[in-house]
Amino acid sequence: MVCRVVFNQKGGVGKSTITVNLAAAAAIAGRSVLVVDLDPQANTSRYLLGEVLAQATPTLTEFFEQTLNFSLYAHVMDDFVHATPCQGLFLLPAGDSLAEQQSKLEARYKIYKLRESLQEFGGRFDEIWLDTPPALNFFTLSALIAADRCLIPFDCDAFSREALVGLLGRVAEIKADHNPRLEVEGIIVNQFQARASLPTRMVEELAAQGLPVLQPYLSSSVKIRESHERAMPLVQLDPRHKLAQAFSELYQSLAK
């Protein structure tokens with residue numbers, strides 16, 4: 001079972017879109033896949049379940065609540081898993097009040113609970129994908145401690161480039177202090193404009209520094225907005241679309 005985390009402290013870099021479409025590409029390829037939405041904004045959960053999310057219970061909120069309060073009638077991990085319309089793809093959704101739990105979880109040092117609990121799935125899932133909030137907080141740290149591999153979205157922005165060194169340093173620190181299995185699998189270039197000189201130069205500079213820049217690069221597309229609105233991964237909605245094919249190719253490069 002491979003556990004990946006998609007992580008960047010900067011918002012708006014496409015973490016949820018990347019997580020959902022790579023996970024869906026894995027499911028379409030025949031893998032059994034679980035997505036865990038650790039972002040209180042719940043964008044990944046809405047992307048996969050749409051309006052059905054309102055009826056999805058129990059959620060990650062109840063999972064963390066259970067770690068704080070002993071119960072004779074505790075849920076088993078399978079109870080938190082919800083099927084999605086994409087065959088082979090399952091979701092542990094974010095829930096209401098998830099953000100409000102953070103201070104209690106930190107105070108009780110529950111930082112390893114997610115890793116311990118995901119290990120209970122054993123051989124049920126081939127892959128687990130963890131989506132994180134745009135902050136280095138309890139939920140992000142829990143994901144980095146639980147994961148084997150880290151993928152970092154990069155949106156060809158000057159602020160992202162400046163923050164990248166610090167971000168890689170934080171991953172290295174967590175690897176040293178909490179999770180020796182954690183490796184940076186690669187940097188995913190998102191919203192790439194091949195005809196613009198600045199994005200091309202930025203990506204070339206990252207590669208020249210020896211950073212693991214993955215290919216293919218992901219372009220911008222209005223079609224992705226349609227997939228959000230329809231609550232369907234682009235690789236499922238329109239598999240022949242150029243961006244959908246890029247997601248599938250990127251997943252195949254990771255799966256080798």
Side-chain angles (χ1 to χ4, degrees), residues 3-29 31-63 80-99 114 118 125 127-135 139-140 143 147 151-155 188-191 218-251 254:
C3 185
R4 290 184 173 92
V5 57
V6 181
F7 166 58
N8 193 317
Q9 291 174 252
K10 185 176 181 291
V13 296
K15 287 189 299 296
S16 297
T17 298
I18 289 170
T19 301
V20 167
N21 280 281
L22 290 180
I28 290 169
R31 310 282 281 174
S32 178
V33 184
L34 173 67
V35 174
V36 181
D37 187 3
L38 288 145
D39 188 347
Q41 298 178 85
N43 290 331
T44 288
S45 299
R46 278 190 288 271
Y47 194 179
L48 283 172
L49 293 184
E51 295 181 358
V52 178
L53 176 61
Q55 287 78 48
T57 187
T59 67
L60 203 62
T61 298
E62 286 78 26
F63 165 76
F80 299 101
V81 175
H82 300 267
T84 75
C86 183
Q87 185 176 357
L89 183 60
F90 300 85
L91 174 69
L92 203 171
D96 295 338
S97 306
L98 183 60
L114 180 66
L118 292 179
F125 297 107
E127 300 183 17
I128 296 179
W129 290 76
L130 309 175
D131 188 27
T132 56
F139 300 114
T140 305
L151 294 168
I152 301 174
F154 178 77
D155 63 352
I188 296 176
V189 177
N190 192 31
Q191 302 177 39
L218 304 176
S219 61
S220 301
S221 173
V222 294
K223 192 71 174 181
I224 204 71
R225 299 178 184 176
E226 181 184 342
S227 79
H228 292 163
E229 184 178 2
R230 295 182 61 177
M232 184 180 296
L234 182 61
V235 293
Q236 182 184 16
L237 175 67
D238 189 356
R240 300 180 67 179
H241 190 276
K242 179 181 178 180
L243 181 54
Q245 292 180 344
F247 276 120
S248 297
E249 185 179 342
L250 180 56
Y251 171 72
L254 296 172

Trainee: Using side-chain heavy atoms (C-beta onward) and a distance below 4.5 Å, is Val35 in contact with Thr84?
Mentor: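 SC-SC contact between Val35 and Thr84 ruled out.
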Trainee: Any side-chain heavy-atom pair from Leu48 and Pro233 closer than 4.5 angstrom?
Mentor: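 When only atoms from C-beta onward are counted, Pro233 and Leu48 do touch, with a gap below 4.5 Å.
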Trainee: Taking the basic N atoms (NZ, or NE/NH1/NH2) and the acidic carboxylate oxygens, is any pair closer than 4.0 Å for Lys10 and Asp155?
Mentor: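 A salt bridge links Lys10 with Asp155.
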Trainee: Check the orientation of Tyr251 and Trp129. Use parallel for under 30°, tilted for 30 to 60°, and perpendicular for over 60°.
Mentor: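 Tilted: the ring planes of Tyr251 and Trp129 meet at 30° to 60°.
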Trainee: Please find the pair of heavy atoms, one from Leu98 and one from Leu38, that lie closest to each other, and give the distance.
Mentor: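 Distance-wise, the nearest heavy atoms are CD2-O, 4.1 Å.
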Trainee: For Lys242 and Ser221, what are the C-alpha separation, side-chain angles and deciding distance, and is it a side chain to side chain contact (heavy atoms under 4.5 Å, CB included)?
Mentor: CA-CA 9 Å; Lys242 179 181 178 180; Ser221 173; over 6 Å; no
Trainee: Measuring from atom NZ of Lys15 to atom CG of Leu130, what distance do you get when rounded to the nearest 0.5 angstrom?
Mentor: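 The distance works out to 13.5 Å.
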Trainee: For Leu218 and Asn21: C-alpha separation, side-chain torsions, deciding distance, then whether side chain to side chain contact (heavy atoms under 4.5 Å, CB included) applies.
Mentor: CA-CA 11 Å; Leu218 304 176; Asn21 280 281; over 6 Å; no
Trainee: Give a yes or no on whether the backbone of Ala94 and the side-chain of Ser45 come within a donor-acceptor separation of less than 3.5 Å.
Mentor: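 Yes; at least one donor-acceptor contact below 3.5 Å.
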Trainee: Do Tyr47 and Asp37 have a side chain donor and acceptor closer than 3.5 Å?
Mentor: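 No, Asp37 and Tyr47 have no side-chain donor paired with an acceptor closer than 3.5 Å.
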Trainee: Hydrogens and angles aside, do Thr17 and His228 bring a side-chain donor and acceptor to less than 3.5 Å of each other?
Mentor: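 Yes - a donor-acceptor pair under 3.5 Å links their side chains.
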Trainee: I need the Asp131 CG to Thr140 OG1 distance, nearest 0.5 Å.
Mentor: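 Here the interatomic distance stands at 9.5 Å.
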Trainee: Which pair of heavy atoms, one from Leu118 and one from Cys3, lies closest together, and at what distance?
Mentor: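 For Leu118 and Cys3, the tightest heavy-atom pair comes out as CD1-SG, 4.5 Å.
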Trainee: Using a cut-off of 6.0 Å, state whether more than 12 heavy atoms not belonging to Gln87 lie near its atom CD.
Mentor: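 Counting other residues, nucleotides and ligands, CD of Gln87 stays at 12 neighbours or fewer.
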Trainee: Could you give the distance from NZ (Lys223) to NE2 (His241), rounded to the nearest 0.5 Å?
Mentor: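 Going from NZ on Lys223 over to NE2 on His241, the span is 6.5 Å.
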Trainee: For residues Leu254 and Arg4, report the shortest heavy-atom separation together with the two atoms involved.
Mentor: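 It is O-NH2, 3.4 Å.
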Trainee: What distance separates Leu89 CG from Phe125 CZ, expressed to the nearest 0.5 Å?
Mentor: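 Leu89 atom CG to Phe125 atom CZ measures 9.5 Å (nearest 0.5 Å).
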Trainee: Rounded to the nearest 0.5 Å, what's the gap from CG on Leu243 to CG on Asp238? Could you check?
Mentor: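 Answer for the CG-CG pair, Leu243 versus Asp238, is 10.0 Å.
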Trainee: OG1 of Thr19 to CD1 of Ile188: how many Å apart, nearest 0.5 Å?
Mentor: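 Atom-to-atom, Thr19:OG1 and Ile188:CD1 are 8.0 Å apart.
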Trainee: Hey, mind stepping through Val13 and Asn190 against side chain to side chain contact (heavy atoms under 4.5 Å, CB included) and telling me if it holds?
Mentor: CA-CA 7 Å; Val13 296; Asn190 192 31; 5.7 Å; no
Trainee: Show the nearest heavy-atom pair for residues Gln41 and Pro134, with the distance to one decimal.
Mentor: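 Heavy atoms of Gln41 and Pro134 come nearest at NE2-CD, 3.7 Å.
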Trainee: Which heavy atom in Val5 sits nearest to a heavy atom in Ala147, and how many Å separate them?
Mentor: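 That would be CG1-CB, 3.6 Å.
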Trainee: Tell me the closest heavy-atom pair linking Ala24 and Val235, and the distance in Å.
Mentor: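 Closest pair (atom of Ala24, atom of Val235, distance): CB-CG2, 3.5 Å.
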Trainee: Are Thr44 and Asp39 close enough, and set up right, to give a side chain to side chain contact (heavy atoms under 4.5 Å, CB included), and what steps lead you there?
Mentor: CA-CA 8 Å; Thr44 288; Asp39 188 347; over 6 Å; no
Trainee: Is it true that atom CD of Gln55 has more than 12 heavy atoms of other residues, nucleotides or ligands lying nearer than 6.0 Å?
Mentor: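 It does: Gln55 CD has more than 12 such atoms within range.
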Trainee: Quick one about Ser248 and Gln245 (side-chain donor to acceptor, distance below 3.5 Å, no hydrogens or angles considered), yes or no?
Mentor: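 There is no such pair between these side chains.
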Trainee: Does a donor on one side chain sit under 3.5 Å from an acceptor on the other, for Asn43 and Ser16?
Mentor: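 Not at all, the side chains of Asn43 and Ser16 share no donor-acceptor pair under 3.5 Å.
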